Chemist: 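If you scroll down you'll find the structure; I have some questions about it.
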Amino acid sequence: QRQLVESGGGLVQAGGSLRLSCAASGRTFSSLTMGWFRQAPEKEREFVAATTWNGITRHYANSVKGRFTISRDNAKNTVYLQMDSLKLEDTAVYYCAAGREGTSRLALGVADYWGQGTQVTVSS
């Protein structure tokens, strides 16, 4: 059974950086589109970033463009989210997701697998 496990969350000051990891277990995820979502308290879950199976096409939410970078290592079955210049409004639970369709569809929440989430808290 395929599973996604996020790690790397924590507490960081505004302007700092964190790198999240999402390790996939079970059958290989190398053929799937993978991405990240987040959900802040009392807010809807929102799309953050996605990448195609080969890492060539990447799709970002406007709110994180230029600050966050998604990447993947298919040999390790892992996708990463490098978060730089963090802002208070980036505070949320971050979820990893994987889907059989493209990045645009994943951005709409069309995913086949979801992780349990990792908390990111940005302080002033």
Side-chain angles (χ1 to χ4, degrees):
Q1 185 175 356
R2 288 170 167 168
Q3 287 187 323
L4 301 174
V5 179
E6 302 95 336
S7 62
L11 176 64
V12 63
Q13 285 191 322
S17 299
L18 277 177
R19 188 175 83 153
L20 305 183
S21 298
C22 172
S25 62
R27 296 183 65 182
T28 181
F29 279 73
S30 60
S31 62
L32 301 182
T33 297
M34 297 190 73
W36 291 91
F37 289 75
R38 67 187 182 187
Q39 186 167 18
E42 301 182 359
K43 290 190 175 181
E44 296 289 317
R45 183 182 64 196
E46 64 174 0
F47 167 75
V48 175
T51 179
T52 48
W53 69 273
N54 55 10
I56 292 178
T57 300
R58 305 177 191 186
H59 185 178
Y60 295 95
N62 288 334
S63 58
V64 306
K65 276 182 183 176
R67 300 187 299 120
F68 290 12
T69 302
I70 188 170
S71 62
R72 66 190 294 165
D73 185 340
N74 286 340
K76 295 182 179 179
N77 251 5
T78 301
V79 64
Y80 305 97
L81 185 68
Q82 177 67 41
M83 305 187 294
D84 299 318
S85 302
L86 282 160
K87 303 177 180 180
L88 296 179
E89 52 264 41
D90 293 319
T91 294
V93 177
Y94 283 71
Y95 297 92
C96 179
R100 295 181 176 88
E101 302 188 43
T103 56
S104 297
R105 293 286 287 167
L106 188 63
L108 296 175
V110 180
D112 297 281
Y113 307 96
W114 292 90
Q116 294 299 306
T118 184
Q119 175 71 46
V120 172
T121 303
V122 184
S123 65
S124 58

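The model shown is predicted, which means the values in this text are computed figures rather than measured ones. FYI, side chains are in, hydrogens and waters are out, and symmetry mates aren't considered; it's all heavy atoms of this structure.
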Chemist: Can you say whether the rings of F68 and Y94 are parallel (under 30°), tilted (30 to 60°) or perpendicular (over 60°)?
Modeler: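 Ring orientation of F68 relative to Y94: tilted.
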Chemist: More than 12 heavy atoms of other residues, nucleotides or ligands under 6.0 Å from CD of E89: is that the case?
Modeler: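 Atom CD in E89 is packed in, count exceeds 12.
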Chemist: Any idea which heavy atoms bring A49 and Y60 closest together, and the distance?
Modeler: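 Shortest heavy-atom contact: CB-CD2, 3.6 Å.
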Chemist: Taking side chain as C-beta onward, heavy atoms only, is R58 less than 4.5 Å from T69?
Modeler: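 Sidechains of T69 and R58: in contact.
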Chemist: With sequence neighbours excluded, give me every side chain to side chain donor-acceptor pair (under 3.5 Å) pair touching residues 40-50.
Modeler: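 Checked against side chain to side chain donor-acceptor pair (under 3.5 Å) - neighbours excluded - the pairs reaching residues 40-50 are R38-E46.
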Chemist: Between the main-chain N or O of S25 and the side-chain N or O of N77, is there a donor-acceptor pair closer than 3.5 Å?
Modeler: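 No.
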Chemist: What pair of heavy atoms forms the shortest contact from S17 to Q82, and how long is it?
Modeler: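 Where S17 meets Q82 most closely, the heavy atoms are CB-NE2, 3.9 Å.
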Chemist: When rounded to the nearest 0.5 angstrom, what distance separates CG in D112 from CZ in F29?
Modeler: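 Rounded to the nearest 0.5 Å, the CG-CZ separation comes out at 9.5 Å.
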Chemist: Minimum heavy-atom separation for S124 to L88, with atom names?
Modeler: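 Minimum heavy-atom contact is N-CD2, 3.6 Å.
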Chemist: Keeping the roles fixed (side chain from R67, backbone from S85), state whether a donor-acceptor pair exists under 3.5 Å.
Modeler: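 It does hold such a pair.
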Chemist: For the OG1 atom of T121 and the CG atom of D90, what is their distance to the nearest 0.5 Å?
Modeler: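 Separation between the atoms: 11.0 Å.
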Chemist: Treat each ILVMFWY residue as a node, draw an edge where side-chain heavy atoms are under 4.5 Å apart, and state whether L20 and V64 are in one component.
Modeler: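 Linked, L20 and V64 end up in one cluster.
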Chemist: Between A50 and L106, which heavy-atom pair has the shortest distance, and what is it?
Modeler: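 Scanning both residues, the minimum pair turns out to be CB-CD2, 3.9 Å.
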Chemist: For the residue pair Y113 and R100, establish whether any side-chain heavy-atom pair is separated by less than 4.5 Å.
Modeler: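 Touching, per the 4.5 Å side-chain cut-off.
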Chemist: Please answer whether the main-chain N or O of V122 pairs with a side-chain N or O of T91 as donor and acceptor at a distance below 3.5 Å.
Modeler: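 At least one qualifying donor-acceptor pair exists.
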Chemist: Taking atom CH2 of W36 and atom OG1 of T51, what is their separation to the nearest 0.5 Å?
Modeler: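 Interatomic distance, W36 CH2 to T51 OG1, rounded to 0.5 Å: 12.5 Å.
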Chemist: Would you kindly confirm whether L86 and Y95 end up in one hydrophobic cluster when ILVMFWY residues are joined by side chain heavy atoms under 4.5 Å apart?
Modeler: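 Different hydrophobic clusters.
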Chemist: Whether the side chain of R19 engages the backbone of Y80 through a donor-acceptor N/O pair (distance < 3.5 Å, no angle test) should be reported.
Modeler: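 No; zero donor-acceptor contacts below 3.5 Å.
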Chemist: Is the side chain of T52 donor-acceptor paired with the backbone N or O of T57 at a distance under 3.5 Å, no angle test?
Modeler: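 Side chain of T52 to backbone of T57, a donor-acceptor pair under 3.5 Å: yes, one is there.
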Chemist: Does T78 reach the main-chain N or O of D73 with its side chain, forming a donor-acceptor pair under 3.5 Å?
Modeler: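 Side chain of T78 to backbone of D73, a donor-acceptor pair under 3.5 Å: no, none is there.
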Chemist: List the atom of W53, the atom of R72, and the distance in Å for their closest heavy-atom pair.
Modeler: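 Scanning both residues, the minimum pair turns out to be CA-NH1, 3.2 Å.
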Chemist: So V120 and L18, do their side chains get closer than 4.5 Å, heavy atoms only?
Modeler: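 Yes, their side chains come closer than 4.5 Å.
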Chemist: Please report, to 0.1 Å, the donor-acceptor pairs under 3.5 Å made by any side chain of residues 4-11, with sequence neighbours excluded.
Modeler:
unit_1, atom_1, unit_2, atom_2, d
E6, OE1, Q116, N, 3.1
E6, OE1, G117, N, 2.9
E6, OE2, C96, N, 2.8
E6, OE2, G117, N, 3.2

Chemist: Taking all non-hydrogen atoms of both residues into account, name the closest pair between L81 and V48 and its distance.
Modeler: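 Of all heavy-atom pairs spanning L81 and V48, the closest is CD2-CG1, 4.1 Å.
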Chemist: Tell me every residue that passes side-chain contact (heavy atoms from CB on, under 4.5 Å) with S31, counting only those two or more places apart in sequence or in another chain.
Modeler: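 Scan of S31 (side-chain contact (heavy atoms from CB on, under 4.5 Å), adjacent residues dropped) gives none.
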